[in-house]
Every structure is written in C-alpha cells, then in structure tokens.
Amino acid sequence: MQLYSIASGSSGNCIYVGDENKGFLEDVGISVKRVREGLCEQGLSLDRLEGIFITHEHSDHIAGLAALLRKNPVPVYSTADTIEKIWEKCNMNNISPDIFHSIKSVDEIEIDKYVIKSFPISHDAVDPVCYTIENGPGKVGIATDMGTYSDLVIEHLCDCDAILLEANHDINLLQVGPYPYQLKMRILSDKGHLSNDASARLLKEVVNRRLKKVVLGHLSEHNNFPELAYNTVAYEMQSSSSWKEYGTELVVADRRVPTMPVAV
C-alpha cells in the first residue's frame, strides 16, 4: 500500500491510497487532467479506482469531483450533510445520485481488503471528517483542515505507519500578510487550519514506533513556505526522545505537483 499526494495545498487537494492495482482517492480538488497525470506517473489510472472519500465540501477538496465522475462514475463516500452540499455546489448533470454513499462522522467501512475509518474534525464545514485506511498490517492517516485537534483525532492517528498531516500556515506570516482581518481570524480559529506549531504539537502526540514517515501537507500559498513548515516542525520534534529513537522521516508535500509516494 502507498500514500501518494497528487496535490496538497490551499489551491487543491487530492490524495491516492492503494497499491499498483487499485485504490482510493481522498478528495478531488483539482482538475481531472491533473488527477489522471498524477496517477499515470505511478502507473495507475482512473479505471482502477475503487472509490472516492470526500472530507468536506470546500472547493479545494471537491472542485474536480463532478468532472471526474462523469468520466469514471466510481462510488463516492462522505457524510450525508456533505453529500447534500456537494449536490448544491457542483454541476452534477449526468451523474447518478446512486453512486453516493452516506457514512457517519465516526464510521468503519470495509471495501475488499481495505478498512476505512472516518473521524470528525473541527473545521468550518457542515460535517467534516478525516480518514485512516488500513490494508492488513499497514495503516495510513490523512488529517488536514483542522482548527484544532481532539483526543479522537489522536486516537485514530496514534498507530499509523504514515501520515499526511496539515501544516497550513506560519502564524507570524499570516498575521502580517495581505489577508483581510476576518479571514485571518477564521484561519486562526478552532474551525480553521493547523499552524506549523500546532502540527508539531499534534505530531508529538501521535509519534509511535510504527510511524515511518510524515508528509506535511495543505500548506497555504501565501502564509507558509515548504522550508519554513519543515524547519518549524523538525525543530520541535528534535525535543522528542521518541522521534529520535524511532527515526521517523519528515517531508513536505508539494502544492502543485505530485510528491513521491510513501510505501507502507
């Protein structure tokens, strides 16, 4: 199994989890062309998808969903309220509602050899969730778009082999940056996004002997830089004896192009 970020950032998100034969997408916030090209780079294709899991209804997570479904109508899973919002916001012409499957915010779904678990997060969306995906002994977690994190988030991530974790912004850059005051307050709120510092604090809670790689994702285009996110989190993690003992690797996902997949 592999965790493969096709795109992760404030301008669009799409993550593949699976093997060389079949797997799943989490979110489709980029064009079908970019999804297809990203999959092709790893010898994958749209017709090998088993399903799509949507975290919430913001455009950077669903912008390309309808177009993809018209080309390849695979099952879509999300909470009922999120599905309703998708149908309100997207042009769903020529797409059957039957391919949408409602899940609960805390749920477990088995599809073939995969177990997908959802868990609620704190974000300004109607019913947002994140997911972990297990395949036998391997487990990956994808956790972004959280203004804060809960014990339940920690519980779901604390035994993963690989995690894609939000490091959205640097607080100082955001505060002095060009965003309107209300948008800054929204991002900094408990319903906004995790800062680099908050990402490091969460990582300290979930680092474990199994965790081999952490991919920092969902970086802001205007309020963060890959080097800054990496250095901030890496500096904080150096104080963790567990981090040093386990030798977990830290990388940053690219916002615009695919990032090398993580094998689990």
Side-chain angles (χ1 to χ4, degrees), residues 1-5 7-10 13 15 17 119 121-123 130-134 137-177 184 187-190 192-264:
M1 183 168 65
Q2 63 179 349
L3 170 65
Y4 176 43
S5 173
S8 181
S10 56
N13 298 272
I15 314 298
V17 178
F119 52 98
I121 53 174
S122 180
H123 194 52
C130 284
Y131 301 96
T132 62
I133 301 179
E134 299 176 62
K139 179 179 179 180
V140 302
I142 306 169
T144 68
D145 296 81
M146 301 179 288
T148 187
Y149 54 87
S150 64
D151 290 342
L152 187 60
V153 172
I154 294 171
E155 178 184 332
H156 278 268
L157 298 179
C158 68
D159 59 348
C160 288
D161 298 281
I163 299 173
L164 190 148
L165 180 64
E166 177 171 56
N168 177 256
H169 60 276
D170 174 82
I171 294 175
N172 292 329
L173 279 182
L174 175 63
Q175 289 175 331
V176 302
K184 291 179 181 180
I187 294 170
L188 291 168
S189 76
D190 285 351
H193 292 275
L194 288 186
S195 67
N196 296 336
D197 301 284
S199 180
R201 291 194 295 270
L202 174 53
L203 191 50
K204 284 183 177 180
E205 297 282 355
V206 302
V207 63
N208 67 90
R209 191 173 298 279
R210 290 178 57 177
L211 186 60
K212 300 305 179 188
K213 200 156 193 175
V214 175
V215 182
L216 299 178
H218 210 297
L219 271 66
S220 168
E221 183 174 4
H222 300 288
N223 305 304
N224 213 352
F225 302 100
E227 298 83 4
L228 181 56
Y230 178 91
N231 289 334
T232 302
V233 175
Y235 177 80
E236 289 296 324
M237 295 311 298
Q238 291 307 311
S239 65
S240 168
S241 58
S242 297
W243 182 264
K244 295 176 182 178
E245 177 187 354
Y246 302 152
T248 306
E249 184 181 358
L250 185 69
V251 298
V252 180
D254 199 297
R255 289 187 298 105
R256 290 190 172 89
V257 297
T259 303
M260 283 298 295
V262 177
V264 175

Presence of salt bridge, K139 and D161, under 4.0 angstrom
no
Dump the intermediate steps for side chain to side chain contact (heavy atoms under 4.5 Å, CB included) on L173 and L228, then the final yes or no.
CA-CA 10 Å; L173 279 182; L228 181 56; 3.7 Å; yes
Minimal non-hydrogen separation, T144 against I121, with atom names:
O-CD1, 3.5 Å
I'd like to know whether M1 forms a side chain to side chain contact (heavy atoms under 4.5 Å, CB included) with E134, so could you lay out the CA-CA distance, the side-chain angles of the two residues, the decisive distance to 0.1 Å, and finally the verdict.
CA-CA 9 Å; M1 183 168 65; E134 299 176 62; 5.8 Å; no
Is there a side chain to side chain contact (heavy atoms under 4.5 Å, CB included) between L164 and S8 once you walk through the steps?
CA-CA 9 Å; L164 190 148; S8 181; 4.0 Å; yes
Would you mind reporting whether V262 and V251 have side-chain heavy atoms less than 4.5 Å apart?
no
Trace of the side chain to side chain contact (heavy atoms under 4.5 Å, CB included) decision for L157 with V153
CA-CA 6 Å; L157 298 179; V153 172; 3.9 Å; yes
To the nearest 0.5 Å, atom NE2 of H123 lies from atom CG of D145 at 4.0 Å
Looking only at non-hydrogen atoms, find the nearest pair between P226 and V252 and report the distance.
O-CG2, 3.7 Å
Identified side-chain hydrogen bond (donor to acceptor under 3.5 Å, both in side chains) partner of N224 from the options D170, N196, N168:
N196
Would you name the heavy atoms of G138 and R210 that are closest together and state the gap between them?
C-NH2, 4.2 Å
Report yes if the side chains of E221 and R256 come closer than 4.5 Å at any heavy-atom pair, otherwise no.
yes
Of all heavy-atom pairs linking M146 and L202, the shortest is CE-CD2, 4.0 Å
To check you understand the geometry: which heavy-atom pair defines the closest contact between C130 and A143, and what is its length?
SG-CA, 3.7 Å
Under a 3.5 Å distance rule, please check whether S122 uses its side chain to pair with a backbone N or O of D190 as donor and acceptor.
yes
Name of the residue among S242, S240, S239, S199 meeting side-chain hydrogen bond (donor to acceptor under 3.5 Å, both in side chains) with K204
S239
How far does CD1 of I163 sit from CD1 of I142, to the nearest 0.5 angstrom?
10.5 Å
Going by ring-ring contact (aromatic ring centres under 6.0 Å, His included), name the pairs with one or both residues in residues 211-250, residues two or more places apart or in two chains.
H61-H218, Y179-H222, H193-H218
Please round to the nearest 0.5 Å and tell me the distance separating atom SG of C158 and atom CG of L211.
10.5 Å
Can you tell me how far the OG atom of S195 sits from the CD atom of E166, to the nearest 0.5 Å?
9.0 Å
Do you know the tightest heavy-atom contact between A253 and G217?
CB-CA, 4.3 Å
Would you give the length of the straight line joining atom CD1 of I187 to atom CG of L194, rounded to the nearest 0.5 angstrom?
12.5 Å
